[in-house]
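Nothing here was measured: the structure is a model prediction, and the numbers come from that model. Below, read A as the first sequence line, B as the second, and so on, with proteins coming before strands; counting in each chain starts at 1.
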Amino acid sequence: MRFLLTRIGFYLSAFWVAITLNFFIPRWMPGDPATHLFVSLRGKMSEEALAAIKVAYGFDGTLWDQYVAYLGKIFTGDFGISTTNFPAPVAETLFYAMGWTLFLVGISISVCFALGMLMGIKAAWGQGKFFDSFFTPFNVMLYAFSQPVIALLLFYGLCYQLEWFPLGRAHPPMVIPGFTWEFISAVAYHAVVPLLTMIIVGIGSWHLGMRNNMINLINQDFITLAQAKGLSERRVVYRYAARNAILPQITSLAMTFGYVLGGAYIVEVMFNYPGLGKFSLAAIQARDYAFIQSQLLLVTACVLVANLISDFANVLLDPRLRYAEAA
Amino acid sequence: MKKLSTLALTALTLATGSSIAQDIPKGGELSVITKLTDAHVRNFNPYNDAVGLYFAQDFIYEMLWIPNIMHPDQPIPVLATSFDVADDLKSVTYELRQGVQWSDGTPFTADDVVFTVEYAKAHPDYNIRGINWYNEDTGEGSIIGVKKNNDHSVTIYIDEPNGLAYLGLGQMYPLPKHVFEKIDDPKNFRNENPVATGPFTNVEHFSPTMVKVCRNENYWQGDKPYIDCIKFPQYSSNEQAQAAASLGEVDWLGVGLTNVQAYSRKSEHNKYWYSAGGNTNLQLNTTKAPFNNLAFRQAMSIAINRQDLHDFATFGLTTPTKYPIGTGEFYASWYNEERLEPYKYLMEYNPELAMEILDEAGIVDQNGDGWRDMPNGESIDFKISVPSGWTDWVNSVMQIAENLQDIGIDASAHTPDENAWFEAVPTGDFDAYIMWTHSNVVPWGTYNDLFNPADMEPGALSFQAMHQMKIPAIMESLDAFTRTVDREEQLQHIGDVHELVAQNLPVISLFANPEWYQYNTSRFEGWSNADNPYVRPMVHGGTPERWQHVLNLHLRSDQMAQK
């Protein structure tokens with residue numbers, strides 16, 4: 001119990017530090033939203049309009065007053081007003097972008113996890129055989145290539161040169177969103193290359209992690225016993241070895257989901273995908289403080305909650321942690 | 001004093017003249033890009049600078065009177081049919097169009113205009129274009145009163161005689177009194193279902209990726225608009241919009257498309273016309289050496305290869321500036337070629353002459369480091385600031401630095417982030433900047449921004465007055481300019497300003513920026529272009545002429561025949 005309380009205390013203070021930084025860091029950047037809008041129009045806006053916008057955006061009070069107001073609003077779910085889309089509430093575009101990010105990142109993580117697990121298991125069980133000696137280094141190599149490289153290659157090859165896939169977006173602007181075949185197929189078609197990028201790069205770490213866990217287990221006595229009992233290989237691999245090896249992987253899966261709301265910056269920006277990463281980048285460039293801090297708040301909260309859950313899960317699943325506390 | 005109603009009548013005929021033809025095809029959905037965004041947000045408030053104005057001005061809400069910048073003698077009367085500037089230049093009376101209805105059927109009257117002017121006073125945080133009330137505390141603004149003469153006539157009073165006041169006042173978009181009188185906080189009002197007088201008031205579809213506004217069934221011009229709807233598809237980046245334009249998915253846009261060859265090659269219907277916009281100049285900090293030396297500034301101007309700036313640095317898309325007067329082709333109708341001829345040499349690339357001027361002024365290398373020094377031995381090295389990522393300007397500044405190095409001046413480019421670049425202006429802590437100028441209906445505003453000493457306060461410098469050179473004679477000519485509505489007199493005063501700028505060279509004139517305008521001829525015709533330049537052609541907000549432009553567009557006649 002004391003263990004859990006310490007953890008919760010730790011998370012609360014981590015949360016406070018994070019939201020405080022979320023507030024101050026954007027404001028330390030040079031420029032402000034009105035100035036940015038003005039400068040980016042390169043003389044197309046009059047000085048009177050700039051003055052008027054500064055009044056309209058009117059950040060009331062000192063930085064400290066704003067900070068206190070911000071802390072209060074966090075707990076009421078008020079994300080503030082976006083200056084990019086003034087005076088629309090941040091939540092309006094934030095949740096729109098969140099939907100696309102959850103779609104993209106959710107699918108890619110699930111596919112990566114499933115494929116990575118299966119490949120890792122197969123590689124570990126047939127350690128040193130063809131599958132292992134080919135796919136293990138291959139996946140690790142792709143992982144090391146990183147998203148920007150793969151994204152550029154696929155974009156140039158599949159979208160730009162061959163023109164098999166669209167150059168970006170989630171769907172063409174002329175296609176009206178709704179439960180229609182036209183819309184759903186357009187979304188699927190547009191998601192192919194971004195998903196492929198994330199999956200190609202993402203499999204490696206799951207594959208390697210699972211393979212390492214498995215190899216440590218394969219030489220354990222209970223596996224030898226299971227084999228000696230004459231169980232089928234399939235049963236030994238999946239019910240005995242993999243089931244134990246997957247535990248730490250589930251912890252990292254929880255952690256990975258915590259970062260989902262950070263958006264897939266590289267892929268979203270590369271493919272102009274309307275997810276949180278794309279919106280955050282635009283918000284940072286436009287100095288849209290309310291959007292930046294809300295987006296960071298979401299990420300912070302998700303990462304911390306995911307960590308907390310994995311802490312709890314470890315206590316439940318791993319008896320050694322409970323014994324350590326009792327001692 | 002000067003009745004402008006006859007003028008208005010001619011312009012009206014011009015505006016509606018083409019509608020006499022019976023065979024103009026009706027219908028069609030025009031797709032335009034007025035603003036790049038990651039997601040559309042529903043807002044049709046015409047005075048919302050972040051979102052609303054891009055959709056709502058001109059297409060949904062209409063001005064009283066549109067100044068036709070390309071053809072100043074053919075202004076475009078909209079909700080006003082004529083106006084009259086009083087003899088003492090202290091009031092302007094507008095005669096309003098009769099028979100106009102708001103889209104909900106309520107008649108448009110003088111009450112709406114009076115309401116809009118008074119509303120601006122009640123809500124100073126709401127930026128009603130053209131309406132600036134006189135403020136006793138700051139001394140800013142000019143309006144001191146508004147009066148309804150009858151249901152279709154309004155007079156607006158200003159504090160000082162000003163022959164230019166009508167230019168700003170006419171650019172007001174009247175608001176419907178019966179809607180806005182219930183709105184207490186207009187700057188936060190999103191006006192999701194607009195009530196307006198314009199051609200496209202009916203919001204037929206809204207989603208984050210697409211907005212569609214369709215024709216106003218109560219529109220006051222019977223057969224116009226010829227098209228049914230305007231679509232605003234969402235595009236988030238320049239590259240994306242360019243790709244869509246190349247594929248012919250968008251009819252009318254204005255993005256910074258520099259590779260015009262590739263764009264034109266893609267289809268014969270992909271057209272563009274980049275007319276001359278506001279001028280780009282070098283702002284020199286004349287409060288310190290070497291920029292406080294006139295000979296040095298002259299040598300600088302002559303040392304710049306403007307042909308290369310045009311051909312390479314700015315991809316051949318800018319318009320070279322003819323005279324060293326801080327403004328360019330945008331105000332070509334204000335040139336007095338005869339008076340400006342003696343200064344033309346300052347715009348012609350001549351490194352030998354530049355070096356001669358410097359030698360004569362004693363600006364030579366004294367310490368043997370290979371770079372010229374000031375006559376008092378002070379060494380010269382300075383930076384020209386340009387925001388990183390503004391490709392054409394960065395190219396320009398790098399080339400200018402090389403041109404200057406060629407004549408022995410140690411100049412270099414400095415490329416900070418655009419926000420940092422802009423924030424450093426008021427401090428006065430800089431050497432030289434590349435900077436835009438503001439375009440107005442007449443050059444008065446541009447020069448007032450450049451030379452008003454009120455903008456040169458140390459620590460609160462305006463980015464137009466960064467050179468900080470106070471030239472009282474210029475301000476006198478500008479004042480005189482506002483005291484008349486006579487074009488000949490105005491030309492005389494602007495001629496004086498031009499000469500004073502050329503003599504003093506507080507800024508180094510470079511080129512006119514291109515006004516980005518791309519259009520597609522596969523579906524619609526009636527475009528303003530180099531062959532038929534009837535209005536400034538741009539689609540972005542702040543170009544009220546787009547009202548006239550969109551009303552002129554219609555489906556291609558040959559397309560109708562096919563149906």
Side-chain angles (χ1 to χ4, degrees), chain A residues 29-58 81-89 92-93 96-97 160 166-178 269 272-275 278-279 281-283 285-287, chain B residues 31 37-43 45 47-51 124-127 129 132 187-190 205 207-210 231-237 239-240 243-244 249 277-278 280 387 390 393 416-423 435-440 445 449 462-464 513 540-542:
Chain A
M29 295 189 291
D32 62 75
T35 310
H36 171 81
L37 182 64
F38 181 78
V39 175
S40 64
L41 287 173
R42 292 170 82 163
K44 294 241 157 53
M45 181 188 271
S46 70
E47 278 172 86
E48 291 81 53
L50 172 65
I53 290 175
K54 282 202 163 149
V55 176
Y57 288 180
I81 299 293
S82 157
T83 46
T84 318
N85 291 315
F86 187 83
E92 204 170 304
T93 38
Y96 170 73
Y160 189 77
L167 291 171
R169 322 181 57 99
H171 60 88
M174 315 288 177
V175 176
I176 306 301
V269 170
N272 255 308
Y273 211 81
K278 178 86 175 65
F279 276 78
L281 184 70
Q285 284 166 344
R287 306 292 190 265
Chain B
S31 114
T37 174
D38 282 320
H40 284 314
V41 167
R42 188 160 183 151
N43 186 324
N45 185 333
Y47 297 115
N48 174 287
D49 294 290
V51 184
D125 59 351
Y126 185 52
N127 179 28
R129 187 180 169 133
N132 301 304
K187 81 170 157 68
N188 286 317
F189 176 52
R190 294 174 63 180
H205 174 79
S207 68
T209 51
M210 170 73 89
K231 293 188 291 190
F232 301 87
Q234 167 265 328
Y235 290 96
S236 50
S237 68
E239 295 75 23
Q240 224 182 45
E249 286 171 7
T280 295
W390 292 20
W393 280 17
D417 159 80
E418 64 183 21
N419 287 287
W421 174 82
F422 192 74
E423 280 205 329
M435 183 55 80
W436 63 77
T437 52
H438 281 141
S439 305
N440 291 281
D449 285 347
S462 148
F463 57 92
Q464 286 292 293
N513 287 320
H540 48 70

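For a residue to count as touching a neighbouring chain, one of its non-hydrogen atoms must lie under 4.5 Å from one of that chain's; by this rule N45(B) does not touch chain A. Residue contact with chain B, scored on non-hydrogen atoms closer than 4.5 Å, involves the backbone and the side chain of F279(A) alike. Interface remark: S82(A) contributes no atoms to any contact with chain B (heavy atom separation under 4.5 Å). Contact annotation for N188(B): both backbone and side-chain heavy atoms come within less than 4.5 Å of a heavy atom of chain A. Only the side chain of F463(B) comes within less than 4.5 Å of a heavy atom of chain A; its backbone N, CA, C and O stay farther away.
In this structure, D417(B) pairs ionically with R287(A), as a charged nitrogen and a carboxylate oxygen lie closer than 4.0 Å.
With hydrogens and angles ignored, the 3.5 Å screen pairs no side-chain donor or acceptor of E423(B) with any backbone N or O of P30(A).
Among the candidates T93(A), T84(A), V175(A), the residue making the largest number of heavy-atom pairs closer than 4.5 Å to chain B is T84(A).
Considering CG of N85(A) and CZ of R42(B), their distance stands at 14.5 Å, rounded to 0.5 Å.
Considering all non-hydrogen atoms of both residues, L37(A) and D49(B) come closest at CD2-O, 4.4 Å.
Note that R190(B) lies outside the cation-pi zone of F86(A), set by a 6.0 Å cut-off to the ring centre and a 45° limit from the axis.
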Run the side-chain contact (heavy atoms from CB on, under 4.5 Å) test on M174(A) and T209(B) for me, step by step, so that the C-alpha distance in whole Å, both residues' side-chain angles and the decisive distance to 0.1 Å come before the verdict.
CA-CA 8 Å; M174(A) 315 288 177; T209(B) 51; over 6 Å; no
